[in-house]
Amino acid sequence: MSIWDRLGDFIARVSSSASSGVADVVEAVRTVFSGDPDLRRRVAFSVAMIALSAKMAKADGIVTQDEVRAFQEIFEVPPSETRNVARLYDIAKQDVAGFETYAQRMAQLCGSGHANCMMLEDILDGLFHIAKADGLIHEREGQFLHRIAEIFRIDEVHYEAILSRHVNLGAADPYVVLGIERGKPFEEIRKRYRKLVSDNHPDRLIARGLPQEFIKIATTRVAAINAAYEMIERGLRHA
């Protein structure tokens with residue numbers, strides 16, 4: 001049984017709840033998938049992305065076709081399950097609980113409990129991918145994403161690194177992309193670079209619960225990391 005079959009069963013169960021709020025969603029993930037930690041991680045990531053995408057759309061006030069296509073680049077949902085995904089999306093969008101409440105509960109569901117949790121950074125990265133799909137990140141979306149990062153305990157250095165991969169900041173500072181201070185010894189820069197490449201290896205992403213489709217998007221993340229490192233290395237060589 002695929003993750004989408006299991007997710008469909010889960011969403012149907014949540015949808016039958018009287019209230020179907022964020023607390024019901026989180027508790028259902030914990031209960032339904034308690035016996036399979038790997039599947040639970042993958043479902044938790046998918047639920048967090050769907051729910052927070054809905055909350056971001058509500059904050060922005062509009063959902064464009066570009067954003068729908070961007071969502072489909074992260075999740076290749078079988079036609080038989082699109083109705084269930086739409087149902088969960090609507091549950092989150094219509095829930096009276098604000099996006100901050102959702103973010104806090106999703107952080108508890110998906111996070112490690114430590115600052116700069118990689119899985120939460122992956123969720124934020126996915127939200128950026130959707131937000132920028134129509135060519136720019138609107139002011140409300142920017143405020144939403146920054147607040148999500150604060151709730152997820154993603155510090156400013158990590159946030160700026162994610163932002164620099166999605167928003168054209170002009171001549172993006174390669175040190176910002178790598179999330180390391182300018183002037184650090186080259187060995188520290190190389191160590192940081194190697195860690196980022198290791199953290200974004202497909203096996204690591206799958207182990208964190210990301211769907212196969214997200215790995216395609218993560219290649220752009222690695223490309224930005226490689227380009228930044230090469231720029232720094234080239235600059236130091238010619239200094």
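Start at 1 with the first residue, then count along the sequence. Model, not experiment: these values are computed from the prediction.
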Partner residues of [X] under the ring pair (Phe, Tyr, Trp, His ring centres under 6.0 Å) criterion, sequence neighbours left out:
X      : value
His146 : Tyr159
Phe144 : Phe99
Phe75  : Trp4, Phe71

Applying salt bridge (Lys or Arg N to Asp or Glu O under 4.0 Å), can you list everything that pairs with Glu187, at least two apart in sequence or on another chain?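 Salt bridge (Lys or Arg N to Asp or Glu O under 4.0 Å) check on Glu187 returns Arg190.
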With Asp38, which residues qualify under salt bridge (Lys or Arg N to Asp or Glu O under 4.0 Å), at least two apart?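 Salt bridge (Lys or Arg N to Asp or Glu O under 4.0 Å) check on Asp38 returns Arg41, Arg42.
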Show every ring pair (Phe, Tyr, Trp, His ring centres under 6.0 Å) that has at least one partner inside residues 40-68, sequence neighbours left out.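 For residues 40-68: Phe45-Phe214.
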Test of understanding: with side chain to side chain donor-acceptor pair (under 3.5 Å), list the residues that count as partners of [X], not counting sequence neighbours.
X      : value
Asp155 : Asn116, His158
Gln65  : none
Arg147 : Glu100, Glu150
Glu27  : Thr31

Which residues pass the side-chain contact (heavy atoms from CB on, under 4.5 Å) test with Lys191, not counting sequence neighbours?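 Partners of Lys191 under the side-chain contact (heavy atoms from CB on, under 4.5 Å) test: none.
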Qualifying salt bridge (charged side-chain N to carboxylate O under 4.0 Å, His left out) pairs, either residue in residues 219-230, two or more places apart: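 Output for this query lists Asp122-Arg221, Asp125-Arg221.
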Taking the side chain as everything from C-beta on, heavy atoms only, tell me whether Arg40 gets closer than 4.5 Å to Arg30.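 Yes. Closest side-chain heavy atoms under 4.5 Å.
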